[in-house]
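Here the structure is laid out as structure tokens; the discussion comes afterwards.
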Protein chains: 2
Amino acid sequence: MTKTGLTVDIVLFTIRDRQMQLLLIKRLAKPFAGRYALPGGFVLAHESVDAAAARELREETGLEKVYLEQLYTFGDPRRDPRGRVVTVAYYALIAPTQMLHAGTDASEAAWFPVSGLPTLAFDHRKIVEYAHNRLRNKLGYTNVGFELLPAKFTLTALQVVHETILGETLDKRNFRRKITQTGIVKPTHEWVKTGRKPAQLYKFRDGEVGR
Amino acid sequence: MTKTGLTVDIVLFTIRDRQMQLLLIKRLAKPFAGRYALPGGFVLAHESVDAAAARELREETGLEKVYLEQLYTFGDPRRDPRGRVVTVAYYALIAPTQMLHAGTDASEAAWFPVSGLPTLAFDHRKIVEYAHNRLRNKLGYTNVGFELLPAKFTLTALQVVHETILGETLDKRNFRRKITQTGIVKPTHEWVKTGRKPAQLYKFRDGEVGR
DNA sequence: ACAAAAGTGTTCCATATACACCCATGT
DNA sequence: ACATGGGTGTATATGGAACACTTTTGT
């Protein structure tokens, strides 16, 4: 029974300034010391792989109870110069209003727009692309979009989320009709002064959907 | 750096007698000796996880170059009574015309309809359900259906594939129009006497798509 | 002759798309 | 007053769903 190293890596997305952004951490240790990499680390002996992903995310960002979904497992024997390390990749989504607490190890973490990433360690570039694709597809048949917004949001903010993920502009009237007619959002009757004219806040159908 | 056991398991589907069927192998060794399980085994030290899946499938069935896609990684620490073993699950599709060669280890292999499986070893029941769902979904936006047919097939045979995967009957005229109008199949002008009236054989768009 | 599977069109409905103006407020 | 983002309706095109009969052959 051969044994292998097993890690998890997390692509943590948010939307800021109408751009998809993701969190990278500057590596302190070899290999790839000084390079940016995805948050992640080794799976411990007695935890599930899913739990390892949640733990690493918590340790490196302070985030709990975020949307976290397994992506794909990358198992090329040469993906890690230390030797055989298989990684199970996840992606996570948070609202830009959620703040991060610095990790216990004071490594340097920073947000980067997906369209302007530095050179990444390991095969993390490939993982990011895989995650970005998954997110785009998933937007079409699920409600993942809401995970990138706070509990209450304007319809324009929701549209910006969709436009940013899809990389194309959408017609305002068609978008609003589709969203409101499916009953997926409920008006809160609260109003915010975001631009000039106040906008109504909406919330996701049944409360907060696991946030 | 903790190390864990790593296996691959393969859900090999085919369609026979208008039923989804999958291949199971009776385990000889402990744990779960005597129980049926999915074909699979340990990932070797220097092979990629994908290669391990292809190798196990070849060793246990003689099949090469079949459609093989990674599904999901199951990492509950209690899923294997021997201790920590994470498995990367795959699913594979073959035409019912493709014959299997018995594996080198003369273990007992048999086809079972998905709707009448025996009790399975490990968490393999969960893996099968995951694979079955993936296949159903994937049929809607890809051409996986063709992987369950020989290179040349009648439109009725293709419809049976779709009906069997979806578990519902489809309208013949709507189905044929959709298939032929997208140009996804080409008529071969060969005819087979399957029922009473001869039926035309079609083939998938560009040759054999990796079979 | 009859049973069995092959083959073939049209209508309707739902959903997606294209498109432009007025409104409330802050500066 | 004007600039900014919020909010609203209609017409057309497209894709999916419902629906029944004729044809060819083997028995």
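Below, chains carry the letters A, B, ... as their sequence lines are ordered, and counting in each starts from 1. Remember, it's a predicted structure, so these values are computed and weren't measured experimentally.
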Length of the line joining [X]:[atom1] and [N]:[atom2], which is rounded to integer Å:
X        : N      : atom1 : atom2 : value
B:Lys193 : C:dA4  : NZ    : C1'   : 16 Å
A:Trp191 : D:dG6  : CH2   : P     : 12 Å
A:His162 : C:dA16 : NE2   : C1'   : 16 Å
B:Tyr202 : C:dA6  : OH    : P     : 12 Å
B:Lys197 : D:dT24 : NZ    : P     : 6 Å

- Mutual orientation of the aromatic rings belonging to A:Phe153 and A:Phe146 [parallel < 30°, tilted 30-60°, perpendicular > 60°]: tilted
- Less than 4.5 Å apart, any side-chain heavy atom of A:Leu170 and any of A:His162? yes
- Does any N or O in the side chain of A:Glu47 come within less than 3.5 Å of the main-chain N or O of A:Leu44, such that one atom is a donor and the other an acceptor? yes
- Message: Taking atom NZ as the centre, does A:Lys138 end up with more than 12 heavy-atom neighbours from other residues, nucleotides or ligands that are less than 6.0 angstrom away?
- Response: yes
- Residue that, paired with A:Leu12, satisfies side-chain contact (heavy atoms from CB on, under 4.5 Å) out of A:Leu38, A:Leu22, A:Leu63: A:Leu63
- Query: Where the side chain of A:Gln200 is concerned, which of C:dA6, C:dT25, D:dG7 is the nearest nucleotide?
  - Reply: D:dG7
- Task: Name every residue in residues 169-179 of chain A that has at least one heavy atom under 4.0 Å from any atom of DNA chain C, in order of residue number, or write none if there are no such residues.
- Result: A:Asp171, A:Arg173, A:Asn174, A:Arg177
- Message: Need one value for A:Thr156: base, sugar-phosphate or nothing, where a base atom within 4.0 Å counts as base even if backbone is also close, heavy atoms only.
- Response: sugar-phosphate
- Taking atom types as modelled, find out whether B:Asn137 and B:Arg134 have a side-chain donor-acceptor pair closer than 3.5 angstrom. no
